[in-house]
Amino acid sequence: MSSVKFPMRLDKFLGHATELSRELARRAIRSKRVLVNGDVVKSASLSIAADDSVMLDGGVVTIPGPRYFMLHKPEGYVCATADGDYPTVLDLMGDEGVDLTIAGRLDKDTTGLVLLSDDGQWIHSVISPRRECMKTYIADLDGPIDDAIVQRFAQGFSLRNEVKPTKPAVLKPIAGPRVEVSIGEGRYHQVRRMFAACGRYVEQLHRVRIGGITLDASLAPGEYRELSPDEVKGVAS
Ligand code: URA
């Protein structure tokens, strides 16, 4: 899933794995400061595989892997890298948030699961409309739903000022005005607008699942954790 691809040239590897520019990496190689699998190497173009051991000045060097996180977004935070008016979800992560991309936005007032990573391909697999990665929300409405609304969601319909109908969505009653809704798209304010089109107002919206990843119940609003390798692989399921 990483955007770093093996095999790669030794000077490129050093450029990714250390602070050295490619030119300085070449100089280090010429000065015999670089060992590959225990041997001094002289060629900057040597092909490095993922399981090769590379040392510089006696220390092992590795390319930092991509990072993947889930975060429990609290109300009042925006999903943006910076905002003039409101705190952002990246503010909750301090230095760990540097260079991360948010996989699909939640509205300021929506709470729940947000995924973040510095792996562009993985982010794409989560948000690409073609992949139709399902997102599941719990919505508290201003009134109960009936079968007609469930059918409309299942069949798809045109939202205000949009021609293209929504893709089939799964709407299930939980209790009273609380429902679960799953959609495979990510249009602007989509869940709120779908309910509005059916005469219902969303009082609270909380995302609980994206693809195969469920919000960890032990994360309080504002907390985050790294994804497990299985979660990283399972997101598109
Ligand atoms: N749909 C919405 O209306 N809001 C969100 O935050 C996410 C989906």
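Values below: every heavy atom of this structure, side chains too, minus hydrogens, waters and symmetry copies. As the structure lists them, so they are numbered: ligands from 1, and atoms in each ligand from 1.
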query = Hey, are Lys164 and Glu162 close enough for a salt bridge, meaning a charged N less than 4.0 Å from a carboxylate O?
reply = no
Step through the shown structure and confirm whether more than 12 heavy atoms of other residues, nucleotides or ligands are within 6.0 Å of CD on Glu23. yes
* Once the angle between the rings of Trp122 and Tyr68 is folded into 0 to 90°, is it parallel (under 30°), tilted (30 to 60°) or perpendicular (over 60°)? -> perpendicular
Could you tell me how the ring of Phe195 sits relative to the ring of Phe153: parallel (under 30°), tilted (30 to 60°) or perpendicular (over 60°)?
-> tilted
(Q) Regarding Lys108 and Glu75, does a basic nitrogen lie under 4.0 Å from an acidic carboxylate oxygen? (A) no
The answer, listing residues by chain and number that come under 4.0 Å of ligand 1 through any heavy atom, is Leu106, Asp107, Thr110, Tyr137, His189, Gln190, Val191, Arg192, Leu205
Ala44 meets the side-chain contact (heavy atoms from CB on, under 4.5 Å) criterion, sequence neighbours left out, with Arg9, Asp11, Arg26, Ile29
